Amino acid sequence: MNKLTAKISPSSGPLPITLHLPTPASEKDPQEQNLVEDESDEERPSKRCCTRWPFRAVRRVTCGLILGACVAVSWAWGTHSAKETLIKHPTPFFIIWFCSIWNILFFPFYYLCHLLTEKQKQLPTTEFRKCSQFLGEELTVRIVLKGAAPFSVLWSLSGYLYLLALCRISKVDVSAVLCCSQAFTFLLSWIGLKDRFMGVRVVAAVLSITGIVMLVYGDGFHSDSITGVALGVGSASTSALFKVLFRKRVGNVHPGPASVLLSCVGLCSFVLHSWVCVLLYFTHVEYWPSSQHIPWDKLCVMASLLLVFNVLVNLGRMFTYPSLISLGILLTIPASAAVDTFVTVTLDISHVRTAAASIISAGYLMLQLPENWDESTLRWLSTLWCGNWREDSVLGEETVGDPAGIARAKPKPAIVALS
């Protein structure tokens, strides 16, 4: 009789359901405990980074507040020095030419900030070549002058119009009008660079223009007021054109290329604009006495303060957030008013001018909103709403056991208060 053999394969039916209960720490496998400890050790650096991050943010914010205050004070005091210099030495083009030469010091200041902030230090020549790539691969004096000459003309023209406006209107009005440069920059960027259209920035530009009109109306449309505000608007528009052309030439504005360009602007002012001063002198358009009677102390104070202002505006983002530097530019309006009140005691601001400055300030703040501010706000509100809803739902529900082993939420019964 033959024996029959059969192979028995494991059943493909459902496996029995097992219930795993939590085990105490003393009964865990030593290898598993070591694995958990290793994972916790790996999470510690991230926690340390999270604890360090608020300190870095607080440090940058504190530095930004200090730099913003320095921006406002340097501009207000520099404007005051410019006003006094124009009274004693009424030669606006010579003054702005003298101040523009000081821009040569921009790149040395940038390189000093580079040594303080960057871990990988580079030689000055290497850093200069890296930051001046927008001028060309081979740098010669001719290429530098050719690339920076248009920007030098715009820089000098903006400063010249600013000094002419300062001769006719107050320092507070000039500061308020120059804050409108941000609105002109947005309009030119929207037209020339095809930037994203934003309704809130259009409203801000309209508010800035409204504030300008109210400044003219503050004196009853007198000739000096209209001329001064028009010159201030011309200075702000020229400054906006300078920024837009720089963005078109370089791209995103960074401190390195900006410092190289402004140093080249100072060099161009010294080389190319000197003959303009000589021409104005011999034609008696801007005539001044011998060099002994020129107020060199006022000129040097004004040039140094305007240099500090421009250095902080262009290089301050290396130490803090750009929005805090922009806030410092806005604070130039109350800082100029404070200088007029406590130094010259000649402040006379009407209600119309106060309202105009407030409207310009509101427009300036609206222009500082990022491009995706609406989406970020809606996302934050939705997150806040969903977070509160989930918290309320978790607090208001109980879990009950399901026969299949799945935990389900059971809502709490509503409690009705009977009066």
Side-chain angles (χ1 to χ4, degrees), residues 56 60 63-64 67 70-71 74 96-159 185 188-189 192-195 238-275 303-304 306-326:
R56 293 179 181 178
R60 287 179 67 89
C63 183
L67 292 180
C70 293
V71 166
S74 61
I96 199 62
W97 170 79
F98 180 78
C99 294
S100 299
I101 295 176
W102 288 54
N103 287 340
I104 299 176
L105 301 175
F106 250 93
F107 184 77
F109 277 115
Y110 166 76
Y111 186 72
L112 179 62
C113 296
H114 166 77
L115 295 178
L116 294 176
T117 56
E118 298 294 334
K119 295 182 180 180
Q120 297 179 356
K121 275 71 175 179
Q122 296 182 358
L123 295 175
T125 55
T126 305
E127 188 66 20
F128 185 83
R129 291 177 181 176
K130 177 183 175 182
C131 298
S132 60
Q133 293 179 356
F134 65 96
L135 293 175
E137 297 181 357
E138 297 182 359
L139 291 180
T140 60
V141 178
R142 180 181 178 183
I143 292 177
V144 170
L145 294 178
K146 183 180 178 181
F151 297 98
S152 178
V153 172
L154 292 175
W155 182 275
S156 299
L157 180 59
S158 177
T185 303
L188 292 176
S189 301
L193 303 179
K194 306 299 180 183
D195 281 358
T238 308
S239 177
L241 183 60
F242 179 93
K243 298 175 184 178
V244 173
L245 289 180
F246 181 67
R247 280 187 55 194
K248 188 174 182 179
R249 179 70 181 274
V250 181
N252 294 329
V253 180
H254 296 287
S259 63
V260 171
L261 178 65
L262 292 176
S263 295
C264 295
V265 165
L267 181 62
C268 288
S269 298
F270 179 74
V271 175
L272 301 179
H273 297 171
S274 301
W275 62 271
S304 59
L306 292 181
L307 177 64
V308 169
F309 171 79
N310 289 309
V311 166
L312 292 177
V313 169
N314 291 278
L315 305 183
R317 66 182 63 186
M318 299 177 66
F319 301 95
T320 184
Y321 303 105
S323 57
L324 296 177
I325 301 297
S326 301

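When a residue number appears, it is its place in the shown sequence, counting from 1. A quick note: this is a predicted structure, and the numbers were derived from the prediction, not measured.
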If every non-hydrogen atom of [X] is compared with every non-hydrogen atom of [Y], which pair is closest and at what distance?
X: Val311; Y: Phe109; result: CG2-CD1, 4.2 Å
X: Leu272; Y: Ala149; result: CD1-CB, 4.1 Å
X: Lys130; Y: Gln133; result: O-CG, 3.4 Å
X: Arg249; Y: Phe134; result: NH2-O, 3.3 Å
X: Leu245; Y: Leu154; result: CD1-CD1, 3.6 Å
X: His114; Y: Met318; result: N-CE, 4.0 Å

Side-chain contact, heavy-atom cut-off 4.5 Å: [X] with [Y]?
X: Leu312; Y: Ile325; result: no
X: Cys268; Y: Phe151; result: no
X: Leu67; Y: Leu324; result: no

Can you tell me how far the [atom1] atom of [X] sits from the [atom2] atom of [Y], to the nearest 0.5 Å?
X: Leu116; Y: Lys121; atom1: CG; atom2: NZ; answer: 8.0 Å
X: Phe246; Y: Leu262; atom1: CZ; atom2: CG; answer: 7.5 Å
X: Ile143; Y: Ser132; atom1: CD1; atom2: OG; answer: 10.5 Å
X: Leu105; Y: Ser263; atom1: CG; atom2: OG; answer: 7.5 Å
X: Ser158; Y: Ile96; atom1: OG; atom2: CD1; answer: 8.0 Å

Is there a donor-acceptor pair under 3.5 Å between the side chain of [X] and the backbone N or O of [Y]?
X: Ser259; Y: Tyr110; result: no
X: Thr320; Y: Gly316; result: no
X: Ser156; Y: Ser152; result: yes

| field | Candidate list Arg247, Lys243, Lys194, Lys248, test side chain to side chain contact (heavy atoms under 4.5 Å, CB included), partner Ser189, passing option | value |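 Per the side chain to side chain contact (heavy atoms under 4.5 Å, CB included) rule, the option paired with Ser189 is Arg247, out of Arg247, Lys243, Lys194, Lys248.
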| More than 12 heavy atoms from other groups under 6.0 Å of CZ on Phe319 |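 Above 12, so yes.
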| field | Asn310/Trp155 under side-chain contact (heavy atoms from CB on, under 4.5 Å): CA gap, chis, key distance, verdict | value | CA-CA 12 Å; Asn310 289 309; Trp155 182 275; 3.8 Å; yes
| field | Of Phe107, Tyr111, Phe106, the residue whose pairing with Phe128 passes ring-ring contact (aromatic ring centres under 6.0 Å, His included) | value |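 Exactly one option meets the ring-ring contact (aromatic ring centres under 6.0 Å, His included) with Phe128, and it is Phe107.
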